[in-house]
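Here is the structure we will look at.
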Number of protein chains: 2
Amino acid sequence: MILSLVENYSLQLDGIFQALADPTRRAVLAELGDGPASVTELARPHDMALPSFMKHIRLLEECGLIRTEKSGRVRTCALERGRFAAVDGWLAEQRAIWRGRADRLEAFVMAEQETDPK
Amino acid sequence: MILSLVENYSLQLDGIFQALADPTRRAVLAELGDGPASVTELARPHDMALPSFMKHIRLLEECGLIRTEKSGRVRTCALERGRFAAVDGWLAEQRAIWRGRADRLEAFVMAEQETDPK
């Protein structure tokens, strides 16, 4: 299946926002902001069976917010900070739309003042 | 049920990120960035039955990203821009964690250099 860039970007945002919509996953991201950690270390503060915790880890990896690497019996996770740029980018787009609207309103008011000077 | 501020903030983030994890809902937010619009206008570009579309609108309203008001038979939607600050805030928190780590690494390197001058 060939996806356009726009569709692909939209699918990425779906995955990233979905990943962020959960307190356990946000806690893992915050923890990894402090440096790489093993799945065992990351799981410790969470009252959850390991298979359930692994689902969160996989979801974070699938959307690209973290990468994991297995060495022997230890799977280490690390943050992919670059991925956060997609969220920044989306927020910036929204603000550009708001700004565009403000600019048009300003242009309208200026034009009104010019055609109808007091 | 009494929720702590932290729990409440976390629940808000769950709702907001969940709301953003869908292309239709992101399109509605982008559309409303340009100014308020009726549900009918907002629904037009989406190939979707009105009840399905209304679910998206309700979800956006529940998490506070939009407000809606019914006047006669027309429900008008407007963006709640302030709500986007929760996303900014969360991103800023993550970056503060990253910065804290970088600062500690720097302090460590400085201390090493002081105790072991060439």
Side-chain angles (χ1 to χ4, degrees), chain A residues 3-4 6-37 56 59-60 62-63 65-66 78-105 108, chain B residues 3-4 6-37 56 59-60 62-63 65-66 78-105 108:
Chain A
L3 286 172
S4 75
V6 172
E7 284 172 313
N8 193 27
Y9 171 63
S10 184
L11 280 176
Q12 284 180 18
L13 285 178
D14 288 359
I16 291 170
F17 284 130
Q18 188 62 60
L20 298 182
D22 178 275
T24 302
R25 294 194 290 267
R26 288 197 303 274
V28 167
L29 292 174
E31 188 64 35
L32 291 177
D34 224 25
H56 290 303
L59 211 146
L60 285 169
E62 274 163 22
C63 76
L65 284 168
I66 69 169
L79 204 61
E80 286 283 5
R81 295 186 190 180
R83 206 63 168 155
F84 287 73
V87 180
D88 284 313
W90 182 80
L91 281 169
E93 273 172 50
Q94 306 315 301
R95 295 215 158 84
I97 297 170
W98 306 350
R99 216 165 32 240
R101 186 193 178 207
D103 290 349
R104 284 195 307 281
L105 279 174
F108 174 75
Chain B
L3 286 171
S4 74
V6 172
E7 283 171 314
N8 194 27
Y9 172 62
S10 184
L11 280 176
Q12 285 180 18
L13 284 178
D14 288 358
I16 291 171
F17 283 129
Q18 188 63 59
L20 298 181
D22 178 274
T24 302
R25 293 194 290 267
R26 287 196 304 274
V28 167
L29 292 174
E31 189 65 35
L32 291 176
D34 223 26
H56 290 302
L59 211 145
L60 285 169
E62 274 163 23
C63 75
L65 284 168
I66 70 169
L79 204 60
E80 286 283 6
R81 295 186 190 181
R83 205 63 166 154
F84 287 75
V87 180
D88 284 313
W90 181 80
L91 280 169
E93 273 173 50
Q94 306 314 301
R95 295 215 158 82
I97 297 171
W98 306 350
R99 217 167 29 243
R101 187 194 175 206
D103 290 349
R104 283 196 306 282
L105 278 174
F108 174 76

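Here is the naming used below: chain letters follow the sequence lines, and residue numbers restart at 1 for every chain.
Residue Gln18(A) touches chain B through both its backbone and its side chain, counting heavy-atom pairs closer than 4.5 Å. Only the side chain of Leu91(B) comes within contact range of chain A, judged by heavy atoms closer than 4.5 Å. With a threshold of 4.5 angstrom between heavy atoms, Leu79(A) approaches chain B through side-chain atoms but not through N, CA, C or O. Both the backbone and the side chain of Asp14(A) come within less than 4.5 Å of a heavy atom of chain B.
Considering every non-hydrogen atom in both Pro36(A) and Arg101(B), the closest pair reads CD-NH2, 3.9 Å.
Relative orientation of the Phe17(A) and Phe17(B) rings is parallel, given thresholds of 30° and 60° on the angle between their planes.
For the pair Arg26(B)/Ser10(A), a side-chain contact is recorded, criterion being any heavy-atom separation below 4.5 Å from C-beta on. For the pair Leu20(B)/Leu13(A), no side-chain contact is recorded, criterion being any heavy-atom separation below 4.5 Å from C-beta on.
Atom CD of Glu31(B) has 12 or fewer heavy atoms from other residues, nucleotides or ligands within 6.0 Å.
Chosen from Val87(A), Leu32(A), Ile16(A), the residue pairing most often with chain B at heavy-atom distances under 4.5 Å is Val87(A).
One distance of note links CZ of Arg104(A) with CG of Asp34(B); it measures 4.5 Å at 0.5 Å rounding. Rounded to the nearest 0.5 angstrom, Trp90(A) CH2 and Leu29(B) CG are separated by 5.0 Å.
Between Arg95(B) and Asp88(A), at least one side-chain nitrogen of the basic residue sits less than 4.0 Å from a carboxylate oxygen of the acidic one, meeting the salt-bridge criterion.
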